[in-house]
Amino acid sequence: MTAPLPQRLGSIDELSFAAVLSDLDGVVYRGEEAVPGAVDRFNRWQATGIPYCFVTNNAEKSAEVFAEKIRGLGIDCGAEQVVTSGDVALQYLQGQFSPGDGVYVIGSQSLKERVRNLGFRLVDMGAAAVLVALDRNFDYSMMTTALGNILGGARLIGTNPDLIRPLADGFEPGAGAIAHSIAVSSGVAPIFLGKPEPEIIQSAIKRMGIAAESSIMLGDKLDTDILASQRAGVRSVFMETGVPLDTRSTVRPDYILARLC
Ligand SMILES: [Mg+2]
């Protein structure tokens, strides 16, 4: 059975809400360029006292670095207004493991530093957890090290399940593809923490202090942004400014909007 087609909005002003959650890539910017209408719209929300928070599955950089990029486009944004899948993965590590525990990290230097700053030891072998994010230097020897740790009892944790990432001129494999390759060889299923898991949305809502049902989420991917907002009880608006709508998907947003202006 197919779910009903979502309502197409002429303008975001047709909705009533008290807070905005938003994806970044494909909604606020594409590459280095702002998406048309996004800067003006966020500035209007800022001027009228509607709080907003950005939620991204990109774990390569810290919230402060994303906030800097957003400010560079002309949108007022502090580090506390950005939640990355890296942030929720680090929270998960803190909840599940103890300072001093070893973590084998596949990911950016920035992510490794953040893991170390929480008191964990960055190790190659003897890890309590293998944390997998996007790492363009990922190779067979890293896969072997991850496998060895998991066979030794380490937990496999992925910052996000994205299998593919859009680039300005094509696509690249996402962090989820790396985590799945390790999962397949070890026979251990990864625990994923970014969208579509609801924690990243819940964490952003908590920061703004607004109820989930009074918030909206803007996103351009059904299987991450829209599914995560549904799981968190937030109304979802599919933005047509990024990844094209997959009409075969069983995930349906509440609304569709062509642009924010
Ligand atoms: Mg996106």
Side-chain angles (χ1 to χ4, degrees), residues 6 9 12 20-39 41-42 45 52-63 65-70 72-73 75 77 81-89 108 133-134 158-177 179 192-205 215-232 234-249 251-261:
L9 300 171
I12 196 74
V20 177
L21 298 152
S22 179
D23 178 40
L24 286 173
D25 216 343
V27 176
V28 175
Y29 52 69
R30 292 180 73 149
E32 300 308 311
E33 299 285 308
V35 165
V39 174
R41 183 54 75 170
F42 278 95
W45 283 328
Y52 48 82
C53 190
F54 300 98
V55 282
T56 177
N57 267 2
N58 189 328
E60 281 177 84
K61 291 169 254 171
S62 68
V65 174
F66 281 110
E68 244 177 70
K69 177 169 178 173
I70 295 162
L73 298 175
I75 299 172
C77 183
Q81 286 171 281
V82 180
V83 189
T84 76
S85 67
D87 297 330
V88 282
S108 66
L134 183 61
T159 54
N160 67 84
D162 295 52
L163 298 175
I164 186 165
R165 294 188 73 236
L167 297 172
D169 56 353
F171 296 93
E172 66 178 3
F192 285 118
L193 290 154
K195 299 173 278 186
E197 296 309 319
E199 284 81 4
I200 189 165
I201 305 283
Q202 287 156 347
S203 174
I205 287 171
S215 311
I216 57 165
M217 165 78 190
L218 312 174
D220 71 328
K221 274 174 114 183
L222 295 174
D223 59 348
T224 55
D225 302 322
I226 305 302
L227 190 52
S229 37
Q230 285 175 353
R231 288 174 172 173
V234 173
R235 284 169 292 162
S236 58
V237 181
F238 180 87
M239 297 302 307
E240 292 182 306
T241 44
V243 177
L245 182 77
D246 178 3
T247 52
R248 297 160 305 174
S249 173
V251 180
R252 288 282 162 92
D254 295 306
Y255 306 98
I256 297 181
L257 181 63
R259 42 204 290 154
L260 277 175
C261 51

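Counting convention: from 1, in listed order, for ligands and their atoms alike.
- Results of the salt bridge (charged side-chain N to carboxylate O under 4.0 Å, His left out) test with Lys69 over Glu33, Glu60, Glu32 single out Glu32 as the only residue that passes.
- Looking only at N/O/S atoms, Asp220 comes nearest to the Mg ion (ligand 1) through OD1.
- A donor-acceptor distance shorter than 3.5 angstrom exists from the side chain of Ser236 to the backbone of Asp254, with no hydrogens or angles considered.
- Here the N, O or S atom of Asp25 that is nearest to the Mg ion (ligand 1) is O.
- The side chain to side chain donor-acceptor pair (under 3.5 Å) analysis of residues 221-231, with sequence neighbours excluded, yields the pairs Asp162-Lys221, Lys195-Asp225.
- Phe54 has its ring centre no less than 6.0 Å from the ring centre of Phe66.
- Within Asp23, the N/O/S atom positioned nearest the Mg ion (ligand 1) carries the name OD2.
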